[in-house]
Amino acid sequence: MRKIALEEHFSLPWLPNDIEAMESRLDPGFFAHIHARMGEIGEHRLAEMDRAGIERMVLSLTAPGAQSAIGADAAIELARRANDDLAAHIAFAPDRFLGFAHLPMQSPGAAIRELDRTIGDLGFRGALVNGHTQGRYLDAAEYRPFWARVQHLGYPIYIHPGDMLGTPAVFEGYPWMKGASWGWMNETGGHALRLVYGGVFEEFPGLTVILGHMGEALPFLLSRLDSRYAVRPGTQRLPLTPSEYIRRNIMVTTSGVNAHPPLVCSIDSMGADRVMFSVDYPFESSERSAEFLETAPIGESVKRAVAYENAARILKL
């Protein structure tokens, strides 16, 4: 079954801080496995794609990248260099690799210019943003021109997890809870809800935002979100319910969640046209992820939509 994978990462040797941050939170053996694959965009990665039936892979720089830079000038230079390096890697196999832009979100104007450049000149298919930028989320007023440009261009923005700005008391004594196992889901799902409640999707109804990890739990909570929004204090309300904005403007990928019950639930909750296959390479196995989808208890037409057709539509392939 042909597949497109959308949350697939790479690293750059001149960004050692990103690798050091990753090493500090992973078992040494697993880190060695990840490190060997993260920086390789060539024959080994293509061979893994072939074994899993992945026809196209959308590459994105691993977190945090430019968003950790202090100052817009440094972020602008880092993002531009990272995107140019990615374009060179894509040129190795342009029929197999695609790119999501890395953006200097410290400067919304510079982010717009880099998005224009990477889509117009480099042929990228959208961008991936690693959560908040030093405490600033994408619902802020300063990002409205950015969202206007995204809507005009018509390509998706993938919101990938980033670390919480502080450490909630509930995580004290269990530092691994702050990251991929639990904390990132709350951080990234909350980021998406800020776009809903902040009126971003109301102002820009043509946006497509992607969330990984089976939607960071949002598909399982739509009824709860609607019922609590209906009874919140205050009189100003958005024209649509939270679930209506989520179903209209958000798509989810299976990245890192190779289990049939949440897949079936996400399809039932969001619709078969809103769920897409991904691996979360190299943190997950491409072959295991492919097997999970191919053996899923869903109809063949739905399986094709999740594996390839939905992604091909939003990436304009």
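The residues of the chain are indexed from 1 along the displayed sequence.
- L98 is listed as a side-chain neighbour of L317, based on a closest heavy-atom distance under 4.5 Å.
- At least one side-chain heavy atom of D273 sits under 4.5 Å from a side-chain heavy atom of R313.
- Here L103 contributes atom CG and L128 contributes atom CG; the two are 9.0 Å apart, rounded to the nearest 0.5 Å.
- Put simply, the side chain of Y281 does not reach to within 4.5 Å of the side chain of I54, judged on heavy atoms.
- Using a distance-only test at 3.5 Å, with no hydrogens or angles considered, a donor-acceptor pair links the side chain of K3 to the main chain of M1.
- The structure places OG of S255 at 7.0 Å from CD of E216, a figure rounded to the nearest 0.5 Å.
- Between the side chain of E114 and the main chain of A101, no donor-acceptor pair closer than 3.5 Å is present.
- Of the possible donor and acceptor atoms, none in the side chain of R96 sits under 3.5 Å from a partner among the backbone N and O of M57.
- With hydrogens and angles disregarded, a donor-acceptor distance shorter than 3.5 Å links the side chain of N310 to the backbone of A305.
- Cluster annotation: Y308 and V279 are assigned to distinct hydrophobic clusters (Ile/Leu/Val/Met/Phe/Trp/Tyr, side-chain heavy-atom contacts under 4.5 Å, transitive).
- Between Y197 and Y229, the distance separating the two ring centers is shorter than 6.0 angstrom.
- In summary, the side chains of H213 and E7 do present a donor paired with an acceptor at a separation below 3.5 Å, with no hydrogens or angles considered.
- Although no hydrogens or angles enter the test, the distance criterion places a donor-acceptor pair under 3.5 Å between the side chain of R274 and the main chain of R248.
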| message | salt bridge (Lys or Arg N to Asp or Glu O under 4.0 Å), that's the test. Do E300 and K303 meet it? Break it down for me. | response | CA-CA 5 Å; E300 289 302 309; K303 204 174 291 185; 3.4 Å; yes
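- The two atoms that bring I4 and L6 nearest to each other are O-CD1, 4.0 Å, heavy atoms only.
- Taking a 6.0 Å sphere around CZ of R224, one finds it holds 12 or fewer heavy atoms contributed by other residues, nucleotides or ligands.
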| query | Are E203 and W147 close enough, and set up right, to give a side-chain contact (heavy atoms from CB on, under 4.5 Å), and what steps lead you there? | reply | CA-CA 9 Å; E203 186 173 353; W147 286 120; over 6 Å; no
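- Side-chain N or O atoms of R247 include one that pairs as donor or acceptor with a backbone N or O of S269 at under 3.5 Å.
- Considering all non-hydrogen atoms of both residues, A141 and P145 come closest at O-CD, 3.9 Å.
- Using a 4.5 Å cut-off between side-chain heavy atoms of Ile, Leu, Val, Met, Phe, Trp and Tyr, with links allowed through other members, F100 and V252 fall into different hydrophobic clusters.
- Remark: R125 is not positioned above the aromatic ring of Y155, lacking an NZ or CZ atom under 6.0 angstrom from the ring centre and at most 45 degrees off the axis.
- The closest side-chain heavy-atom distance from F31 to P28 is not below 4.5 Å.
- For K178, there are no side-chain hydrogen bond (donor to acceptor under 3.5 Å, both in side chains) partners at least two apart in sequence or on another chain.
- Interatomic distance, CD1 of I267 versus CE of M214, reported as 8.0 Å (0.5 Å rounding).
- The aromatic rings of Y137 and H132 sit tilted, their planes meeting at an angle between 30° and 60°.
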| request: Take T253 and Y158 through the test side chain to side chain donor-acceptor pair (under 3.5 Å) and record every step on the way to the result. | output: CA-CA 10 Å; T253 77; Y158 202 123; 2.9 Å; yes
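- Annotation: F292 is in aromatic contact with H260 [ring centroid separation under 6.0 Å].
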| task | Give the intermediate values and the outcome of side-chain contact (heavy atoms from CB on, under 4.5 Å) for residues F10 and T62. | result | CA-CA 6 Å; F10 73 97; T62 190; over 6 Å; no
| said: side-chain contact (heavy atoms from CB on, under 4.5 Å), that's the test. Do V129 and Q67 meet it? Break it down for me. | reply: CA-CA 8 Å; V129 176; Q67 288 176 254; 3.6 Å; yes
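- Between E309 and S301, the shortest heavy-atom contact is OE1-O, 4.4 Å.
- Atom-to-atom distance recorded for E244:CD and F201:CZ is 14.0 Å, nearest 0.5 angstrom.
- A donor-acceptor contact shorter than 3.5 Å links the side chain of Q106 to the backbone of A66.
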| query | Would R80 and N83 satisfy side chain to side chain donor-acceptor pair (under 3.5 Å), going step by step from the backbone distance to the final call? | reply | CA-CA 5 Å; R80 185 178 185 90; N83 290 325; over 6 Å; no
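- Taking every heavy atom of both residues into account, L138 and M105 meet most closely at CD2-CE, 3.6 Å.
- Classification of R136 and E142 as a salt-bridged pair holds, one side-chain N sitting under 4.0 Å from a carboxylate O.
- Hydrophobic clustering of Ile, Leu, Val, Met, Phe, Trp and Tyr side chains at less than 4.5 Å, counting indirect connections, unites W182 with Y174.
- Looking at P282 and E48, their side chains never come closer than 4.5 Å, going by heavy atoms from C-beta outward.
- Annotation: the span from I119 atom CD1 to K316 atom NZ amounts to 8.0 Å, rounded to 0.5 Å.
- Of all heavy-atom pairs spanning A5 and S278, the tightest one is C-OG, 4.1 Å.
- Between F283 and F30, the two ring planes are tilted [angle within 30° to 60°].
- Screening N186, I159, L211 against H191 for a side chain to side chain contact (heavy atoms under 4.5 Å, CB included) leaves a single residue, I159.
- With hydrophobic clusters built from ILVMFWY side chains whose heavy atoms lie under 4.5 angstrom apart, I210 does not share a cluster with V257.
- Under the 3.5 Å distance criterion, the side-chain polar atoms of D226 are matched with a main-chain donor or acceptor of S243.
- Of the candidates L78, I76, D73, I76 is the only one forming a side chain to side chain contact (heavy atoms under 4.5 Å, CB included) with P104.
- Q151 places no side-chain N or O within donor-acceptor distance of the main-chain N or O of A148, the cut-off being under 3.5 Å.
- When only modelled atom types and interatomic distance are considered, E284 and S289 share no side-chain donor-acceptor pair under 3.5 Å.
- Side-chain N/O atoms of H9 and D280 include a donor and acceptor closer than 3.5 Å.
- Annotation: the span from L225 atom CG to I246 atom CD1 amounts to 5.0 Å, rounded to 0.5 Å.
- At distances below 3.5 Å, at least one donor-acceptor pair connects side-chain atoms of R56 with backbone N or O atoms of D95.
- Contact of the R144 side chain with the F204 side chain is registered, since non-hydrogen atoms from C-beta on lie closer than 4.5 Å.
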| message | side-chain contact (heavy atoms from CB on, under 4.5 Å) for I314 and M251? Distances and angles first, verdict last. | response | CA-CA 10 Å; I314 69 163; M251 300 191 70; 3.4 Å; yes
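- A continuous path of ILVMFWY side-chain contacts below 4.5 Å connects L293 to M270, so both sit in one hydrophobic cluster.
- Considering all non-hydrogen atoms of both residues, A87 and F124 come closest at N-CZ, 4.0 Å.
- Taking 4.5 Å as the limit, every side-chain heavy atom of D116 sits out of range of all side-chain heavy atoms of R113.
- Annotation: side-chain hydrogen bond (donor to acceptor under 3.5 Å, both in side chains) contacts of D85 (sequence neighbours excluded): W14.
- Side-chain contact between L122 and R117: present, with at least one pair of heavy atoms (C-beta onward) separated by less than 4.5 Å.
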